[in-house]
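Take a look at the structure below.
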Amino acid sequence: MTIRFGETLRNLRKEKGLTQESLAQQLNVSFQTISNWERDESWPDLSMLPVLAGFFGVSVDALLAVDRAANEQRVQDIIDAYDAHKPNTAKEHLPVLKQAVGEFPLDFRLWVRYMEALLYCGGGGLAFPQKTSDEVRAIYENIDAHCTNDRIRMWAKRLFSMHLHSLAQPLEPGGPLGRPELQEEAERILSEMPDLRACREHVATMVSLPGEDHLRAVQSELASLLWMTAHAMNHHDLYGKAFPGSEDTFQYANEILYAADVELRMFELFYPDGDYGKNTFLVIYSYGYQAFYNAILGDFDAAFAAMGRCIAQAVAFDALPRVTTHTSPMFKGLTYDKITQDRGMAARMRELFGERYPWPAGFKEDARFGDVMGRLAG
């Protein structure tokens, strides 16, 4: 934070025609104290700041010479840098955010992002470090008690309730919750949060001005509702098992393929031009699930066809400019800034297909696998 207290105090004193000794007498402090303040070697107590401000007839901000514009720009730069790629670069931004909350302790925009970065870096579940968990709780309680910005408070509630839920998980698969009291706390926090009708996107469709503002509000809500619908499907008891992990998920291959097909048809219906915007990465993953589970069922032709569509979409998304404008009828004219979700999708699918997906025997040995993966080169 940019503060030039000593220089400002010296100028104000001289404007009043006072020496350091005379000012010290009027404030009932020592001459050396005034001298130290003006050299920025020490600062007055907080209780002295309004006294000094009143004496010179200025605000406390003016006394401290707080450069609000410079400070706001610095905070905004930190926020923008973090928001651009937060899931992938949280470790890189964590020390920056930690320094920032020390520098701007009353800025809850920084605190909620610092909290989120701690959660990203700490991982999830029972292995989450206790010391970090304690810090996350302290930040949440501070935001919940003192922040007046509802968006930030709800953001913190979402993060903290999900964190509590992950800590409450069974100690053994299929067993009882390890810490049921944390699950109860998570559900209590959930009960305090508004429903969809109270969210910003929905209310904007009713209070925005007629014309383009209203149209963009409706389009933005539609895009968000499609994202939430797909996200809810991904957490369905069947489709929630979609990420290729252990063989237990293989028995649900047909159900997962059905859900992926429904999701893709929904997106194709709303985005006939294929300009999926914020929903692009969901489309890419759905094609990926189709590839994997068709392979599990032995339909290699269908698997490679879906894999090809997945890779083509990932490469095309990476090649898009940062800001694009929708052309699909329902969203025509709505702009999409991909920096909020640009995860380097080609590299992500190269990692998933090449290293993490446990393809069935023979699939990776098929000549088509190398051909399709070659499209992700670079």
Side-chain angles (χ1 to χ4, degrees), residues 222-223 226-236 238-245 249-250 252-321 324-331 336 338 341-360 362-378:
L222 277 175
L226 289 170
W227 187 92
M228 285 190 286
T229 300
H231 198 259
M233 289 176 64
N234 291 338
H235 285 83
H236 189 282
L238 290 178
Y239 200 25
K241 299 177 174 66
F243 188 84
T249 65
F250 298 174
Y252 302 107
N254 284 307
E255 290 88 344
I256 290 169
L257 285 172
Y258 170 77
D261 182 61
V262 170
E263 186 173 304
L264 286 168
R265 281 189 285 143
M266 176 183 72
F267 286 132
E268 289 163 6
L269 179 66
F270 277 90
Y271 300 98
D273 291 357
D275 54 335
Y276 304 111
K278 68 188 294 181
N279 289 299
T280 301
F281 80 98
L282 294 172
V283 172
I284 292 170
Y285 284 135
S286 291
Y287 279 135
Y289 295 151
Q290 282 189 336
F292 180 78
Y293 286 101
N294 272 307
I296 289 298
L297 294 174
D299 190 344
F300 284 12
D301 291 341
F304 282 117
M307 191 175 175
R309 287 190 287 271
C310 173
I311 289 173
Q313 190 69 58
V315 171
F317 178 73
D318 288 349
L320 287 174
T324 57
T325 302
H326 286 278
T327 58
S328 292
M330 293 291 288
F331 301 97
Y336 164 64
K338 78 170 190 175
Q341 292 177 316
D342 185 1
R343 304 179 179 195
M345 291 308 300
R348 175 64 172 156
M349 298 319 296
R350 185 164 59 245
E351 175 197 356
L352 291 176
F353 286 162
E355 302 172 19
R356 295 187 61 186
Y357 279 21
W359 298 103
F363 188 77
K364 294 181 76 171
E365 283 69 38
D366 191 303
R368 291 174 290 181
F369 187 85
D371 292 340
V372 176
M373 288 293 289
R375 304 178 200 172
L376 292 172

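Because the structure is a prediction, the values reported are computed rather than measured.
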Minimum-distance pair of heavy atoms, taken over all atoms of Ala303 and Ala291:
CB-O, 3.2 Å
In Å and rounded to the nearest 0.5 Å, what is the CG to CG distance from Asn279 to Leu226?
5.5 Å
Got a second to check how far Met349's CE is from Gln313's CD, nearest 0.5 Å?
11.5 Å
So Tyr357 and Phe353, would you call those rings parallel, tilted or perpendicular, with 30° and 60° as cut-offs?
perpendicular
Salt-bridge present (Lys338, Asp318; N to O < 4.0 Å)
no
Taking His326 as the fixed residue, which of Tyr276, Phe270, Tyr271 is the one that meets the ring pair (Phe, Tyr, Trp, His ring centres under 6.0 Å) rule?
Tyr271
Starting from the C-alpha separation in whole Å, work towards a yes-or-no answer on side chain to side chain contact (heavy atoms under 4.5 Å, CB included) for Met373 and Leu376.
CA-CA 5 Å; Met373 288 293 289; Leu376 292 172; 4.1 Å; yes
Ring centroid separation for Phe363 and Phe304, is it under 6.0 angstrom?
yes
Interatomic distance, CD1@Ile296 vs OH@Tyr289, rounded to 0.5 Å, equals 14.0 Å
Within this structure, what is the OG-CD1 distance for the pair Ser286 and Ile256, rounded to the nearest 0.5 Å?
11.5 Å
Kindly indicate, with the supporting measurements, whether the criterion side chain to side chain contact (heavy atoms under 4.5 Å, CB included) is fulfilled by Trp227 and Phe281.
CA-CA 10 Å; Trp227 187 92; Phe281 80 98; 3.6 Å; yes
Ile284 vs Arg348, side chain to side chain contact (heavy atoms under 4.5 Å, CB included): CA-CA, chis, key distance, verdict:
CA-CA 10 Å; Ile284 292 170; Arg348 175 64 172 156; over 6 Å; no
Kindly indicate, with the supporting measurements, whether the criterion side chain to side chain contact (heavy atoms under 4.5 Å, CB included) is fulfilled by Asp301 and Arg368.
CA-CA 10 Å; Asp301 291 341; Arg368 291 174 290 181; 2.6 Å; yes
State whether the number of non-hydrogen atoms from other residues, nucleotides or ligands found under 6.0 Å of Met266 atom CE is greater than 12.
yes
Ion pair check, Glu268 and Arg265, cut-off under 4.0 Å
no
Non-hydrogen side-chain atoms of Phe331 and Asp275 separated by less than 4.5 Å:
no
